[in-house]
Amino acid sequence: MAKKERINFSKIGAIAAATGSAVGLGNILRFPYLLGESGGGAFLLVYILCVVFLGLPVMISEFSIGRMAQANAAGSFRTLAPKSKWWLVGLMGVISAFLILGFYVVVSGWTLEYIVQALSNKFANASTAQLNQVFTDFSTNTYRPVGWMLLFTALTCFIIIAGVKNGIEKSTKLMMPLLFLIIIILGIRSITLPTGTEGLKFLFKADFGKINSEVILSAMGQAFFSLSLGMGCMITYGSYINKDNNLSSTALQVTIFDMLVAVLASIAIFPAVFSFGINPAQGPELVFITLPNIFSRLHGGYIWAVMFFVLLALASLTSTISLLEVIVAFLTEELHISRAKAAIVSSLGIALLGILSSFSLGIWKDFSLFGYGFFALFDSITSKILMPVGGIFISLFVGWRIDKQKILLELSSNGKYKIPFLNIFLLITRYLAPLAILLVLLNQLGLTKWLGF
Ligand code: PHE
């Protein structure tokens with residue numbers, strides 16, 4: 001039987017979908033905090049090195065695996081390495097997608113609540129203490145966050161059911177330009193605040209004294225999470241990329257866009273934070289407490305607040321659809337169930353994990369598994385273990401298992417493009433990436449300390 005032609009993204013569609021996956025809460029919630037906290041410009045330099053030497057090669061590897069095999073994450077490994085255990089790496093990716101969604105949809109749901117709060121002008125005249133209370137009351141509430149989480153999951157499911165072309169490509173082609181527009185406007189607004197340039201100086205002043213092994217390793221972890229690597233997302237999307245597409249240049253563009261949004265988000269957030277002399281708090285608090293606080297004092301704060309939370313919701317949505325597609329592509333191709341059924345069944349499972357995550361911040365605060373609540377557990381297992389391990393195996397697979405000639409044909413689209421960097425690429429996938437990621441992994445598990453480094 002002739003193999004059915006696989007659905008293909010258009011050139012712009014491929015970039016929109018993959019950038020949509022990469023740009024997410026990681027860029028807007030976590031990166032600015034890391035940058036401000038870990039040495040500003042010095043951290044940025046380390047981060048860029050991690051992205052260029054590890055992230056980019058792994059993304060090119062994932063795209064190649066997917067496009068070569070024309071299948072889902074697990075199916076790709078099985079097609080390229082039949083009768084081996086490599087498919088387990090893909091299966092691990094599918095499980096990672098499931099677990100990441102289990103906490104990601106909770107925070108995504110919060111963005112909807114905050115859009116509504118912004119729209120109803122709730123931040124105006126609220127004190128820091130009040131905003132703090134609002135966030136704590138909301139995030140620990142039993143029902144409200146769950147309701148938003150369910151809505152967000154349903155939205156994701158709906159887009160996935162619409163299909164790769166009509167759902168993923170169409171929606172990301174619409175949402176990504178909007179996202180860029182909003183973040184650029186917010187960035188400009190922030191810099192033009194009275195003391196905006198001081199904030200910028202603080203942000204980008206390179207403090208190399210803060211760079212230690214811990215910071216380097218956290219930059220690497222952030223690079224992987226932010227670029228959606230190590231769990232089959234880019235393998236799945238790669239399988240939809242057109243055979244004529246120049247994979248390395250698509251990966252390069254996605255990487256640049258992802259970095260750009262992270263830096264723009266920092267520019268949008270920090271100068272504003274410092275203009276008002278506010279102490280930058282960590283992670284979610286920065287975005288859900290500090291920012292509303294700033295908006296409440298800004299001229300025209302209402303509209304900035306609405307724009308910011310719409311931005312956050314868009315960034316989340318284009319990431320959750322990429323995560324759900326990993327699972328749905330796997331279920332439809334491996335278990336031969338319909339797309340709609342696969343999407344609904346997996347969304348129900350995700351909703352269940354989402355409920356556990358959300359409850360673990362409120363009524364189940366005291367319940368812990370391996371020392372973590374569910375939210376932190378799903379987050380830690382994926383970013384500290386599954387994604388780095390996935391990254392190592394994906395690099396090794398491309399570096400050692402696949403024939404060099406086959407890689408060259410894939411990257412060059414059968415000779416159409418010149419690939420002068422092939423040897424460097426192979427050097428990285430064979431040695432540098434696996435070893436470097438292994439180091440991250442050991443460090444995150446606390447083993448390097450234990451070994452006395
Ligand atoms: N890259 C996304 C972010 O930065 C998260 C993500 C991870 C999405 C893995 C898909 C796969 O928020």
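Every heavy atom of this structure was used, including side-chain atoms; hydrogens, water molecules and symmetry mates were not. In listed order, ligands and their atoms are each counted from 1. Keep in mind the model is a prediction, meaning the values are calculated, not measured.
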Ring centres under 6.0 Å, that's the criterion: do Phe397 and Phe77 meet it?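 Between Phe397 and Phe77, the centre distance is under 6.0 Å.
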Would you call [X]-[Y] a salt bridge at under 4.0 Å N-O?
{"X": "Glu325", "Y": "Arg339", "result": "yes"}
{"X": "Lys173", "Y": "Glu169", "result": "yes"}
{"X": "Glu37", "Y": "Arg30", "result": "no"}
{"X": "Arg78", "Y": "Glu334", "result": "yes"}

Give, for atom CD1 of Ile115 and atom CE of Met307, the distance between the pair rounded to the nearest 0.5 Å.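 Reported to 0.5 Å precision, the distance equals 13.0 Å.
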Among all the protein's non-hydrogen atoms, which is closest to atom 9 (C) of ligand 1, and how far away is it?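 The closest heavy atom on the protein side is Ser228 CA, 3.6 Å.
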To the nearest 0.1 Å, how far is atom 4 (O) of ligand 1 from its closest protein heavy atom, and which atom is that?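 Atom 4 (O) of ligand 1 sits closest to the protein heavy atom Ala22 O, 3.1 Å.
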Does an N or O from [X], backbone or side chain, lie closer than 3.5 Å to an N or O of ligand 1?
{"X": "Gly26", "answer": "yes"}
{"X": "Leu323", "answer": "no"}
{"X": "Tyr104", "answer": "yes"}
{"X": "Leu25", "answer": "yes"}

For ligand 1, which atoms, with element, lie under 4.0 Å from some heavy atom of Ser226?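 Those of ligand 1 that fall under 4.0 Å from Ser226 are 1 (N), 4 (O).
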Ser21: numbered ligand 1 atoms lying under 4.0 Å from its heavy atoms: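 Taking each heavy atom of Ser21 in turn, ligand 1 has 1 (N), 2 (C), 8 (C), 10 (C) under 4.0 Å.
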One residue to check: Phe225. Relative to ligand 1, which of side chain, backbone, both or neither has a non-hydrogen atom less than 4.0 Å away?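 The part of Phe225 near ligand 1 is both the backbone and the side chain.
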Does Ser322 approach ligand 1 within less than 4.0 angstrom via side chain, backbone, both or neither, non-hydrogen atoms only?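 For Ser322, the contact with ligand 1 is made by the side chain alone.
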Heavy-atom distance under 4.5 Å between the side chains of Tyr114 and Phe308, does that happen here?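 No, every pair of side-chain atoms sits at 4.5 Å or beyond.
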